[in-house]
Structures are given as structure tokens and as C-alpha cells.
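What follows is a short report on a single structure.
Below, all heavy atoms of this structure are taken into account, side chains as well, without hydrogens, waters or symmetry copies.
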Amino acid sequence: MNKYEKLAEKFAKQEKVIGTMMTTASTLMLEALNRDELDFILFDAEHGIFDTQNVVPMLQITRLLGLPAIVRAQDSAYHLIAKAIDMGADGVMIPRVESCEQLRTAVDGLLFAPQGRKGCGGHGQMRRGEKYADFAKTRFLLPQIESPKGIEALPEMLDAFGEYISAVIIGPYDLSIMVGTPLDIASPEMMQAIKTVFDTCNARGKSCGIFCDNAALAAKYRKMGCNVLWTGCEKDFMLRGYRQEMEALLSIQ
């Protein structure tokens, strides 16, 4: 079983999924981050530097590594989603999802008819040896919940589009702003919002997760009921190691 099939299985069974993110276009760093235990890597086209052109070398590396790659699109728009898949992304994360209409657009860009309306083309659309009939089995849709409106609409969205959704992901910092406690991701309002999303997903047998700054937060959220631990990014990992090494150097007498 390859890692694409394994990730699909983990999502379906609500098993623990480990992912991380890249915000810079370093193919060397990408290769260094690859591990057998890493289930997916995400390229941030919402807040990071990536677009559907400069992400291509990164997607080529992940394809060669056999590592599932998710692109976080700027918005739920057909051209942003379909183009990412054409270029070799294995799935998309969609920010600020609050309606079934946004999910309809996402599915249309991600999958061929009859499930969606994706046009057929692109150098990275199909993996080597992949059959057309298997395409939808390992293409991943991760909508982000980042507002009270999104939380309120979540049951309806899962009932209507749950079969296409791989996992529901919370964007904690945007959500903290929208619930009225800006950047305080541990406020009572946030804890209740997070719990509501996790409970809603678990009640429907749907994988769910949240961005985690570090492993300690990942462990906390895991206990609250999520199974997708999308944790850190290459810049943060580097800076943590750099700060630790500098502190050790400064302590030398």
C-alpha cells in the first residue's frame, strides 16, 4: 500500500494523521523533512509564497518521494483548486469554509464528473501508472473551519458533502479572531468552539484536526478528540533548533 492509499485509509478510519507545512520554496528542505511517519505535507498558497507556478518544483519532489502533498488554496475557486491538482497536488485545503456552495466549488475543482466538474489535463494530474478509475480514491479535500458561521454550518455541510471531505481542519488563529479573542487560542470561547467542531465531526465519523504550533499542543488537541495533527512548519523547526544552539553557544564560558 502506497502512502496515498494509506492516508485515505487513515482519514476514513479516523486514525492518527501527522502532517506539517512548508512556507518556503526549498526543495532541499523538503527532501530533508520527508520521513516514513509523515503522512502529508502542505504547501501554503494562502499566507505563504506559493502559487500554481512556483509550487510546481515542490510538487515534483513530493511526487518522486511518494509523499502526499496538499496545497492550501487562497480561496474556494475552481481555477485555484483545479490548477493545483493539474500541477501535481494530491489534495487541497480550503480556508474560511462557511457554506455548502463553497464545498460544491471545491469538489467541482477537485474531481471529475459525475462527482465534480474538473477538466482533464495538466502534467501532474495523474501519478505514474495511476488509472482514471482510481483518481478520486486518493484526492483529498480538507475544508478549514475558521468562524462561528462555519461552525454553525458544519452539520449541514457534512451531511451534504461528507462523502467528499477527507478531514475538517480548524484554523485556530483566524477562529480566535472571529470568536472575539484575537490570537488567544486557549480562551474559553476558543476551547468551546474547538470542542464543538471535534464533537460534530466525531458524531458523524469524520476525521478532524487543527493546526498545532508544536507537539505539546498536538497532544492537547488529540485528547480533545481530533486525529489530524497538522503541526509546525520548516521555518519554525529551524528557528527552534537555531535558538537552542545559540543559547548553548552563549552559555560557553
> Can you tell if the side chain of Met190 reaches within under 4.5 Å of the side chain of Asp184, non-hydrogen atoms only?
Replying inline: no

>> For Lys235, is the NZ atom crowded, meaning more than 12 foreign heavy atoms sit under 6.0 Å from it?
In response: no

> If you look at every heavy atom in Pro172 and Phe211, which pair is closest and at what distance?
Replying inline: CG-O, 3.6 Å

>> If hydrophobic clusters are built by linking Ile, Leu, Val, Met, Phe, Trp and Tyr wherever their side-chain heavy atoms come under 4.5 Å apart, do Ile165 and Ile145 end up in the same one?
In response: yes

>> For the aromatic rings, using the six-membered ring if either is Trp, is the centroid distance between Phe112 and Tyr132 under 6.0 Å?
In response: yes

> More than 12 foreign heavy atoms under 6.0 Å from NZ of Lys149: is that the case here?
Replying inline: no

>> Tell me whether Arg96 is salt-bridged to Asp174, with the criterion being a basic N under 4.0 Å from an acidic carboxylate O.
In response: no

> To the nearest 0.5 Å, how far apart are CG in Asp51 and CG in Leu80?
Replying inline: 10.0 Å

> At their closest point, which heavy atom of Asp199 faces which heavy atom of Lys195, and how far apart are they?
Replying inline: OD2-NZ, 2.6 Å

>> Please check this pair: side chain of Asp75 against backbone of Ala77, looking for a donor-acceptor N/O pair closer than 3.5 Å.
In response: no

> Are Val92 and Leu142 close enough, and set up right, to give a side chain to side chain contact (heavy atoms under 4.5 Å, CB included), and what steps lead you there?
Replying inline: CA-CA 6 Å; Val92 288; Leu142 289 74; over 6 Å; no

> Where do Thr231 and Phe237 come nearest, in terms of heavy atoms and distance?
Replying inline: O-CZ, 3.6 Å

>> Does Lys10 have more than 12 heavy atoms from other residues, nucleotides or ligands lying within 6.0 Å of its NZ?
In response: yes

> Can you hop from Leu28 to Leu67 via hydrophobic side chains spaced under 4.5 Å?
Replying inline: no

> Taking atom CD of Gln125 and atom NE2 of His123, what is their separation to the nearest 0.5 Å?
Replying inline: 11.0 Å

> Tell me, do Met21 and Arg72 make a side-chain contact under 4.5 Å, heavy atoms counted?
Replying inline: yes

>> Could you tell me if the side chain of Phe161 sits less than 4.5 Å from the side chain of Cys100, heavy atoms only?
In response: yes

>> Check whether Glu5 reaches the backbone of Asn2 with its side chain - one donor and one acceptor, N or O, closer than 3.5 Å.
In response: yes

>> We want to know whether Glu31 and Thr27 form a side-chain donor-acceptor pair, criterion being a heavy-atom distance below 3.5 angstrom.
In response: no

> Which pair of heavy atoms, one from Ala193 and one from Val179, lies closest together, and at what distance?
Replying inline: CB-CG1, 4.5 Å

> Would you say Glu146 and Pro95 make side-chain contact, with heavy atoms under 4.5 Å?
Replying inline: yes

> For Leu30, what residues pass the side-chain contact (heavy atoms from CB on, under 4.5 Å) criterion, not counting sequence neighbours?
Replying inline: Met22, Ile41, Phe43, Met58, Ile61, Thr62

>> Holding to salt bridge (Lys or Arg N to Asp or Glu O under 4.0 Å), I want the full list of residues that pass it with Arg104, two or more places apart in sequence or in another chain.
In response: Asp108

> Under the side chain to side chain contact (heavy atoms under 4.5 Å, CB included) criterion, do Tyr221 and Cys212 qualify, and how do the steps go?
Replying inline: CA-CA 8 Å; Tyr221 295 135; Cys212 314; 3.7 Å; yes

> Would you find a donor on one side and an acceptor on the other, under 3.5 Å apart, between the side chain of Thr181 and the backbone of Ile177?
Replying inline: no

>> Donor-acceptor pair, distance only, cut-off 3.5 Å: does the side chain of Ser147 make one with the backbone of Met178?
In response: no

>> Measuring only between side-chain heavy atoms, which start at C-beta, is Leu110 closer than 4.5 Å to Lys118?
In response: no

>> To the nearest 0.5 Å, what is the distance between CG on Leu158 and OG1 on Thr200?
In response: 7.5 Å

> Listed by chain and number, what are the ring-ring contact (aromatic ring centres under 6.0 Å, His included) partners of Tyr164, not counting sequence neighbours?
Replying inline: none

>> The test is side chain to side chain contact (heavy atoms under 4.5 Å, CB included); show your working for Ile94 and Leu141 and say whether it passes.
In response: CA-CA 8 Å; Ile94 309 297; Leu141 175 58; 3.9 Å; yes

>> Applying side-chain hydrogen bond (donor to acceptor under 3.5 Å, both in side chains) as the test, list every pair that has at least one member in residues 201-218; sequence neighbours left out.
In response: Gln14-Asn202, Asp159-Arg204, Tyr173-Asp213, Ser207-Asn227

>> Are Asn34 and Leu65 packed together at the side-chain level, in the sense that at least one heavy-atom pair is separated by less than 4.5 angstrom?
In response: yes

> Does the pair Arg139/Glu130 count as a salt bridge with the N-to-O cut at 4.0 Å?
Replying inline: yes

> Do Ile169 and Leu42 share a hydrophobic cluster (ILVMFWY, side-chain heavy atoms under 4.5 Å, transitive)?
Replying inline: yes

> How far apart are the closest heavy atoms of Ala8 and Thr138, and which atoms are they?
Replying inline: CB-CG2, 4.3 Å

> Does the ring of Tyr78 carry Arg117 above it, NZ/CZ under 6.0 angstrom from centre and within 45° of its axis?
Replying inline: no

>> If I take atom NE2 from residue His47 and atom OG1 from residue Thr23, how far apart are they, to the nearest 0.5 angstrom?
In response: 12.0 Å

> Hey, quick one: are Met87 and Ile81 part of the same hydrophobic cluster, counting side-chain heavy atoms closer than 4.5 Å, chains of contacts allowed?
Replying inline: no

> Val228 and Phe140: same hydrophobic cluster, using ILVMFWY side-chain contacts below 4.5 Å?
Replying inline: yes

> Do the side chains of Ile151 and Val197 get nearer than 4.5 Å, heavy atoms only?
Replying inline: yes

> Would you say Val168 and Phe198 make side-chain contact, with heavy atoms under 4.5 Å?
Replying inline: no

>> Is there a side-chain hydrogen bond (donor to acceptor under 3.5 Å, both in side chains) between Ser26 and Glu234? Walk through the geometry before answering.
In response: CA-CA 10 Å; Ser26 170; Glu234 86 290 6; over 6 Å; no

>> Taking side-chain contact (heavy atoms from CB on, under 4.5 Å) as the definition, give me every residue that meets it alongside Lys223, ordered by chain and number, with sequence neighbours left out.
In response: none

>> I need the Leu217 CG to Arg222 CZ distance, nearest 0.5 Å.
In response: 15.5 Å

> At what distance, to the nearest 0.5 angstrom, does CD1 of Ile210 lie from CD of Gln144?
Replying inline: 10.0 Å

>> Evaluate Thr196 against Gln192 for side-chain hydrogen bond (donor to acceptor under 3.5 Å, both in side chains), listing each step before the verdict.
In response: CA-CA 6 Å; Thr196 299; Gln192 182 57 53; 3.2 Å; yes

>> If we ignore hydrogens and angles and just use 3.5 Å, is the side chain of Gln102 paired with the main-chain N or O of Ser99 as donor and acceptor?
In response: yes

> Can you name the nearest heavy-atom pair linking Leu7 to Pro68, along with the distance?
Replying inline: CD2-CB, 3.8 Å

> Excluding sequence neighbours, so at least two apart, what forms side-chain contact (heavy atoms from CB on, under 4.5 Å) with Ala89?
Replying inline: Leu59, Val71, Ala84, Ile85

> Would you call Asp134 and Lys137 a salt bridge, taking side-chain N to carboxylate O under 4.0 Å as the test?
Replying inline: yes

> Any ion pair linking Glu9 and Lys6 (charged N to carboxylate O, less than 4.0 Å)?
Replying inline: yes

> Going through the distances and angles, do Leu154 and Val97 end up as a side chain to side chain contact (heavy atoms under 4.5 Å, CB included)?
Replying inline: CA-CA 9 Å; Leu154 184 57; Val97 175; over 6 Å; no

>> What I want to find out is whether Asp90 reaches Arg63 closely enough, with some N-O distance under 4.0 Å, to be called a salt bridge.
In response: yes

